[in-house]
There are 2 protein chains.
Amino acid sequence: MMTTQSIADFLEELASATPTPGGGGAAALMGAMGAGLIAMVAQVTVGKKGQDTQFPEMERQIGEADALRREFTTMISADAAAFDGLMSAFKLPKDSVEAIDRRAAIIQQGYQAATEVPLSCIRACLRGLALARRSAEQGHRNVLSDSGVAVHALLAALRSAILNVQINVPAIKDQAFVDAALNEVRAAEEEAGASAGMTLAVVMARLS
Amino acid sequence: MMTTQSIADFLEELASATPTPGGGGAAALMGAMGAGLIAMVAQVTVGKKGQDTQFPEMERQIGEADALRREFTTMISADAAAFDGLMSAFKLPKDSVEAIDRRAAIIQQGYQAATEVPLSCIRACLRGLALARRSAEQGHRNVLSDSGVAVHALLAALRSAILNVQINVPAIKDQAFVDAALNEVRAAEEEAGASAGMTLAVVMARLS
């Protein structure tokens, strides 16, 4: 499991010529940091006096953010596994017509699997951005910048995951899969931009 | 040193009520991932046939990206140290007029130190974004999305660091320091937005 690695070792592998971890793992880790910061804001808010009426909502935010962080953390390994699966498919034998066809089909499955991980990341980021809005509106003012950092991390994770979808789809022959993925990406980009913009406006209004 | 921690433990502490690591550490780690991905793109490009004319430039990119990653990695601990220093200052005695004045002065130094770390992060992000431009233009097409992810990570790191400056400055009484910090932030935000926009346009043009 990649998340038992030290941060320094993860960064070292990210920087190396080995393809995993790569942009997909980085996107998932940015998402996990966004979720982690939302939980922290709620934890700090619960710990402050005078926020008592918000306790149930803050407890809900902690629960949702912790679950989301676990999802993102799992994606760091899932992204590497999907990519490694695709690389293995390319190494399958091409010594008969049947083997060539079989290899091509497994490569296609591999590209789709490697595209499903960033699509899951995009969906988790949208949920994270909705949660960040509640965090920025209701979290303690002392940690308001952390709600804002969560927005930047989640938006960067989402936009990174979109690039990871876009680099894979040209290789995918199932046009219905490609169309569905690209439509989802377009809708997600629009929703995320609007959501992040509104939350950052809340952060700036409460900061000033 | 925080970067010897496992990713899972770092995320757990980020999500906890303890103030460090917080948004500042997350920003620095996003910057480190951006730098790491730029090095990876150059490493992969060097490893491919037919890119021979780019070897010296790719070797330069690897050297610059590795140095930048080390800078960002150091900031993860520096941010926590600056914040902990500020918290210690608040705990200083207030049992005489001299003690109160001394405490107030040390708190002011603490706020400035806690603002210097995100300012350093902003400067490193601008250098990272300039490097990402070269990465997107000259890196191998197979890892083009990784240059794009580097841009998103560096831009998110920069905007997060800006929030960390903005939440500190209202407490700082040295108006010359505040004005200089806010002017630097405004200029950096503009430069970063333009730089990231141009590089992402290069990525999209080469992807299509």
Side-chain angles (χ1 to χ4, degrees), chain A residues 1-8 10-19 22-24 26-27 29-30 32-40 43-44 46-47 62 65-66 69 73 76 142-150 152-153 155-157 159-160 163-164 166-168 170 200 203-204 207, chain B residues 1-8 10-19 22-24 26-27 29-30 32-40 43-44 46-47 62 65-66 69 73 76 142-150 152-153 155-157 159-160 163-164 166-168 170 200 203-204 207:
Chain A
M1 244 303 271
M2 226 168 250
T3 54
T4 58
Q5 250 189 344
S6 76
I7 290 172
F10 175 82
L11 290 170
E12 198 66 48
E13 283 196 16
L14 194 68
S16 77
T18 56
L29 183 48
M30 287 192 275
M33 288 197 282
L37 286 166
I38 292 170
M40 188 258 260
Q43 294 272 13
V44 169
V46 164
I62 293 166
D66 283 351
R69 174 161 56 94
T73 309
I76 302 174
N142 281 6
V143 280
L144 194 52
S145 57
D146 296 291
S147 300
V149 174
H152 289 307
L155 192 60
R159 289 178 170 161
S160 298
L163 280 173
N164 293 325
Q166 286 168 331
I167 202 163
N168 279 336
L200 291 170
V203 170
M204 293 316 290
L207 264 182
Chain B
M1 242 301 272
M2 225 169 253
T3 53
T4 59
Q5 249 188 347
S6 75
I7 290 172
F10 175 82
L11 289 171
E12 199 66 48
E13 282 196 16
L14 194 67
S16 76
T18 56
L29 182 48
M30 288 191 275
M33 287 197 282
L37 286 167
I38 292 169
M40 190 258 260
Q43 294 272 14
V44 168
V46 164
I62 293 166
D66 283 351
R69 174 161 56 94
T73 308
I76 301 174
N142 281 4
V143 281
L144 193 53
S145 57
D146 297 292
S147 299
V149 173
H152 289 307
L155 192 59
R159 290 178 170 163
S160 298
L163 280 174
N164 292 325
Q166 286 169 330
I167 201 162
N168 279 337
L200 291 170
V203 170
M204 293 316 290
L207 264 182

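Because only heavy atoms are used, hydrogens play no part in the values below, and waters and symmetry mates are left out as well, while side chains stay in. Per chain, numbering begins at 1; letters A, B, ... match sequence-line order.
- For the atom pair A/S6 OG and B/Q5 CD, the distance stands at 10.0 Å (nearest 0.5 Å).
- Only the backbone of B/T18 comes within contact range of chain A, with at least one heavy atom under 4.5 Å from a heavy atom of that chain.
- With a 4.5 angstrom heavy-atom cutoff, B/L207 touches chain A only via side-chain atoms.
- Every residue two or more places apart in sequence or in another chain that forms a side-chain contact (heavy atoms from CB on, under 4.5 Å) with B/A153 is listed here: A/M30.
- For chain A, the nearby part of B/P19 is the backbone; its heavy atoms alone come within less than 4.5 Å.
- Side-chain contact between B/T73 and A/E12: absent, with no pair of heavy atoms (C-beta onward) separated by less than 4.5 Å.
- Chosen from B/A65, B/A35, B/A26, the residue pairing most often with chain A at heavy-atom distances under 4.5 Å is B/A26.
- Residues B/G23 and A/L37 share a closest heavy-atom pair of N-CD2, 3.7 Å.
- Between B/S160 and A/H152, the shortest heavy-atom distance links the atoms OG-CB, 3.6 Å.
- Contact check for B/L163 versus A/D146: no side-chain heavy atoms found under the 4.5 Å cut-off.
- Considering only residues two or more places apart in sequence or on other chains, B/D66 meets the side-chain contact (heavy atoms from CB on, under 4.5 Å) condition with A/A15, B/A39, B/I62, B/R69, B/R70.
- Side-chain contact between B/L14 and A/M40 is absent, with no heavy-atom pair separated by less than 4.5 Å.
- Counting heavy atoms from C-beta on, the side chains of A/L11 and B/L29 come closer than 4.5 Å.
- Atom-to-atom distance recorded for B/I7:CD1 and A/T4:OG1 is 8.5 Å, nearest 0.5 angstrom.
- For the residue pair B/S145 and A/I167, the shortest heavy atom distance occurs at OG-CD1, 3.5 Å.
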